[in-house]
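Below, all heavy atoms of this structure are taken into account, side chains as well, without hydrogens, waters or symmetry copies. The residues of the chain are indexed from 1 along the displayed sequence. Small disclaimer: the values here were computed from a predicted structure and weren't measured.
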Amino acid sequence: QVQLVESGGGSVQAGGSLRLSCTASGYTFNSVRNRHCMAWFRQAPGKEREGVATIYIGDDSTLYPDSVKGRFAISQHNATNTVYLQMNSLNPEDTAVYYCAARVVQSAWLCQAALNVRSITYWSWGQGTQVTVSS
């Protein structure tokens with residue numbers, strides 16, 4: 001079972017940037033490298049959990065919802081089993097707890113489709129990191 005640990009959250013003013021990190025342990029990307037889907041989700045108080053980025057380890061393909069497209073970027077660093085979420089042009093609506101998630105899937109297409117899968121049992125989850133954007 002993979003373990004995920006997020007870091008990098010904090011408070012920033014509107015227009016600022018943050019970079020979140022997610023380090024995986026319990027396996028190495030190389031073991032099932034081509035079939036891992038990594039994702040970032042967020043959940044604001046009183047709202048449903050929302051997928052904000054996915055990356056398929058095998059081919060680096062990514063997907064973002066319109067709400068963050070052009071502002072957020074997900075990337076991976078296999079040597080350290082780390083996935084990053086670079087967040088730019090932040091606004092108060094981005095305030096939420098951000099969660100890293102992982103799942104083995106059979107294709108990049110399934111990884112992109114998983115952006116909309118909010119089920120707690122579908123993914124392995126990290127503990128979450130708070131991001132607060134003030135106006």
Side-chain angles (χ1 to χ4, degrees):
Q1 182 76 15
V2 63
Q3 290 85 47
L4 304 171
V5 178
E6 300 101 333
S7 62
S11 297
V12 65
Q13 289 191 327
S17 299
L18 283 173
R19 188 176 79 159
L20 306 182
S21 300
C22 172
T23 300
S25 62
Y27 72 91
T28 62
F29 286 160
N30 288 336
S31 63
V32 285
R33 176 188 171 105
N34 291 334
R35 295 190 292 122
H36 262 100
C37 179
M38 302 296 294
W40 286 95
F41 286 76
R42 67 184 180 186
Q43 189 163 22
K47 293 188 177 181
E48 287 190 320
R49 192 165 294 193
E50 173 193 21
V52 296
T54 61
I55 184 167
Y56 192 56
I57 298 299
D59 65 3
D60 272 347
S61 58
T62 60
L63 186 68
Y64 309 90
D66 290 343
S67 58
V68 307
K69 194 175 295 182
R71 301 189 299 121
F72 289 14
I74 188 171
S75 61
Q76 59 160 321
H77 187 247
N78 285 329
T80 57
N81 288 342
T82 302
V83 171
Y84 300 99
L85 184 68
Q86 178 66 43
M87 304 184 294
N88 299 324
S89 301
L90 286 162
N91 59 63
E93 289 70 38
D94 296 316
T95 295
V97 178
Y98 283 71
Y99 298 90
C100 178
R103 181 180 172 96
V104 173
V105 297
Q106 297 303 314
S107 69
W109 182 88
L110 284 173
C111 183
Q112 294 184 355
L115 181 66
N116 296 315
V117 179
R118 303 186 186 95
S119 167
I120 297 298
T121 58
Y122 182 85
W123 298 93
S124 296
W125 297 95
Q127 83 286 357
T129 185
Q130 177 70 45
V131 171
T132 302
V133 184
S134 58
S135 58

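No side-chain heavy atom of Met87 sits less than 4.5 Å from a side-chain heavy atom of Ser17. For the pair Leu20/Val131, a side-chain contact is recorded, criterion being any heavy-atom separation below 4.5 Å from C-beta on.
A distance below 6.0 Å separates the ring centres of Phe41 and Trp123.
Each of Thr95, Leu18, Val133, Thr132 was evaluated against Ser11; a single residue qualifies, Thr132, per the side-chain contact (heavy atoms from CB on, under 4.5 Å) test. In summary, of the residues considered (Glu50, Glu93, Glu48), a salt bridge (charged side-chain N to carboxylate O under 4.0 Å, His left out) with Arg42 occurs for Glu50 alone.
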- Message: If you apply the rule side chain to side chain donor-acceptor pair (under 3.5 Å), what do you find for Tyr84 with Arg19, and how did you get there?
- Response: CA-CA 7 Å; Tyr84 300 99; Arg19 188 176 79 159; 4.5 Å; no
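Of all the heavy atoms in Tyr56 and Gln76, the pair that sits closest is O-NE2, 4.4 Å. Met38 and Cys100 make their closest contact through CE-SG, 4.0 Å (heavy atoms, listed as atom of the first residue, atom of the second, distance). In terms of heavy-atom proximity, Pro65 sits nearest to Val52 at CD-O, 3.3 Å. Across every non-hydrogen atom of Ala108 and Ser61, the tightest pair is CB-OG, 3.5 Å. Across Thr121 and Ser119, no two heavy atoms sit closer than the pair OG1-OG, 3.0 Å.
Side-chain N or O atoms of Gln43 include one that pairs as donor or acceptor with a backbone N or O of Lys47 at under 3.5 Å. Formation of a donor-acceptor pair under 3.5 Å by the Thr82 side chain with backbone atoms of Thr80 is found in this model. Listed for the Gln127 side chain is no donor-acceptor partner under 3.5 Å among the backbone atoms of Val5. Side chain of Arg71 to main chain of Ser89: a donor-acceptor pair is present (N/O by atom type, distance under 3.5 Å, no hydrogens or angles).
In the hydrophobic cluster analysis, where Ile, Leu, Val, Met, Phe, Trp and Tyr join through side-chain heavy atoms closer than 4.5 angstrom, Trp40 is grouped together with Leu90.
A cation-pi geometry, defined here as NZ or CZ lying under 6.0 Å from the six-membered ring centre and within 45° of its normal, holds between Arg49 and Tyr99.
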